[in-house]
Amino acid sequence: MASTVITFLALAVPIWSLPPLIPTQYPGVYQLTEPVDHAECPSWDDRNNILYYVNIHDGQVYRYDYEQGTVNYITLDGEVAPVIPSKRDPNLLIVGLGRSVAAVEWDGVSDPSETRILAALAPDFPTSRVNDGKADKQGRLWIGTMGYEGPDGLTPDEGILYQVTCDNLDSPLVEIAPVNISNGLAWNAANDKFYYIDSPSFLIVEYSYNDETGEISDRRVVFDRTAHDLLGDPDGMTIDEDDNLWVALYGGGRVIKIDSSNGDLLEIVPLPALDVTSAIWGGPDLDILYVTTSRVSLTDEQKLEQPAAGAVFAIVNLGTKGRPTFEVDLLGSIDDETCGAKKVLRE
């Protein structure tokens, strides 16, 4: 099946300041926020219409309020990714911090008083860090790491995808290893397929998924970027109501839509930023595709050419929508000790 390349006019103004959008057959791409160095891991909480995302290397967790059109952030002690709301407390966030899983209580206004460490990751790779993650339907946390990335490139085979539950905080379950850069994750509507990206492989792979046990099996390749006339590494990923995958291409300047059943490339949506990092469906009707981007790897000249790089974008009129995302179910509150003894990193 032939893919569709979508052209657009990117408007560098906040979406909430625009007049009401007139429905058209064409998608629209809007700059939603001011740029940061490395925006990543968007997560939508439909309980309060809040979009969370991170600025990884600066340790910042951002909170965009859809109703108010405001953006606030907090700064944690270490590189941070992902950020996922907690199931039992909408003000409790589960984050990857350095090489740990942590909990932060934040109402979006006041500064949190403490950061609670729940689990340690990657003990054999002290220079690695967390990178991406999501919750499954049962509230289990799937979180991955990546090898050290420095001036000489990426240290290979030092990433791991973990499954973290209340029962395994002392020794999180290794699901896939080794990997290079553990990245995008998604589950289909029937909740019997799991999709995963190790970015440098250029592949999107599918596993059979057992929701009751959390087990994955029967790996197969769904999409190979090298088989298409595309640039960039597959990065973050989300899925729509029809089980089509929407994948950010880091270094490719676009989001692509893929039929998860047969790997067909269906659509290409360019953005005014070379390094596109991730995407998530949000908005009250889950019909806005929020896309994060980065400027951290750009040269000074490229930053001048891409002034919006590092911003979060909202893409509308895509003709489809997402499904509600899941929250992590580990704690009832920051002080809940039914799942691991309380360990405070910062007070």
Side-chain angles (χ1 to χ4, degrees), residues 14-17 32-34 36-98 100-119 130 132-135 139-141 143 164 166 169 278 280-286 288 290 292 311-312 314 324-347:
I15 194 170
W16 63 84
S17 69
L32 190 68
T33 70
E34 293 296 320
V36 298
D37 275 348
H38 194 67
E40 252 281 16
C41 302
S43 180
W44 180 259
D45 189 343
D46 59 7
R47 292 169 293 187
N48 294 308
N49 287 334
I50 299 295
L51 176 72
Y52 292 98
Y53 62 100
V54 301
N55 182 13
I56 290 182
H57 304 302
D58 290 344
Q60 294 169 334
V61 176
Y62 282 78
R63 183 183 192 269
Y64 163 69
D65 187 313
Y66 176 90
E67 302 293 343
Q68 302 297 322
T70 55
V71 178
N72 295 322
Y73 71 89
I74 54 174
T75 302
L76 304 180
D77 187 14
E79 293 177 300
V80 59
V83 52
I84 308 169
S86 179
K87 183 175 183 177
R88 286 176 278 168
D89 182 351
N91 291 330
L92 184 65
L93 305 177
I94 304 301
V95 301
L97 186 64
S100 301
V101 177
V104 181
E105 190 172 47
W106 183 38
D107 60 8
V109 179
S110 58
D111 192 37
S113 61
E114 63 185 39
T115 302
R116 177 179 172 186
I117 299 300
L118 301 176
V130 291
D132 205 348
K134 288 182 179 176
R140 295 173 288 236
L141 173 64
I143 186 168
V164 181
C166 189
L169 290 182
S278 193
I280 195 73
W281 293 99
D285 298 320
L286 297 178
I288 301 171
Y290 292 107
T292 52
V312 178
T325 53
F326 306 121
E327 299 95 22
V328 176
D329 192 10
L330 289 177
L331 303 175
S333 70
I334 194 73
D335 296 314
D336 181 0
E337 295 189 30
T338 61
C339 185
K342 187 174 181 183
K343 296 175 284 186
V344 176
L345 175 67
R346 177 173 65 93
E347 289 192 75

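- When all heavy atoms of Val71 and Tyr64 are compared, the closest pair comes out as CG2-CD1, 3.9 Å.
- Within the structure, salt bridge (Lys or Arg N to Asp or Glu O under 4.0 Å) contacts touching residues 37-47 (residues at least two apart or in different chains) are Asp37-Arg295, Asp45-Arg47.
- With Val101 as the partner, the side-chain contact (heavy atoms from CB on, under 4.5 Å) test is satisfied by one option alone out of Leu169, Val130, Ile94: Ile94.
- Closest approach of Ile50 and Arg63 over heavy atoms only: CG2-CG, 3.4 Å.
- One N or O on the side chain of Asn55 and one on the backbone of His38 form a donor-acceptor pair closer than 3.5 Å.
- The two residues Gly283 and Ile288 come nearest to each other via the heavy atoms CA-CD1, 4.1 Å.
- When only modelled atom types and interatomic distance are considered, Thr338 and Asp336 share a side-chain donor-acceptor pair under 3.5 Å.
- For Tyr290, the ring-ring contact (aromatic ring centres under 6.0 Å, His included) criterion is met by Trp44, not counting sequence neighbours.
- A heavy-atom distance below 4.5 Å is not found between the side chains of Leu92 and Arg116.
- The SG atom of Cys166 sits 6.5 Å away from the CG atom of Leu330 when rounded to the nearest 0.5 Å.
- Residue Ala103 comes nearest to Leu118 through the heavy atom pair CB-CD1, 4.1 Å, listed as atom of the first residue, atom of the second, then distance.
- Atom OG of residue Ser333 and atom CG of residue Asn91 lie 11.5 Å apart, to the nearest 0.5 angstrom.
- Minimum heavy-atom separation, Gln60 to Thr75: CG-OG1, 3.6 Å.
- Expressed to the nearest 0.5 Å, how far CG of Leu286 lies from OG1 of Thr325 amounts to 7.5 Å.
- Rounded to the nearest 0.5 Å, atoms OH (Tyr73) and OG1 (Thr33) are 13.0 Å apart.
- The minimum heavy-atom distance between Pro42 and Leu51, with the atom names listed, is CB-CD1, 4.1 Å.
- No side-chain donor-acceptor contact under 3.5 Å links Ser43 to the backbone of Tyr52.
- When only modelled atom types and interatomic distance are considered, Ser86 and Asp89 share no side-chain donor-acceptor pair under 3.5 Å.
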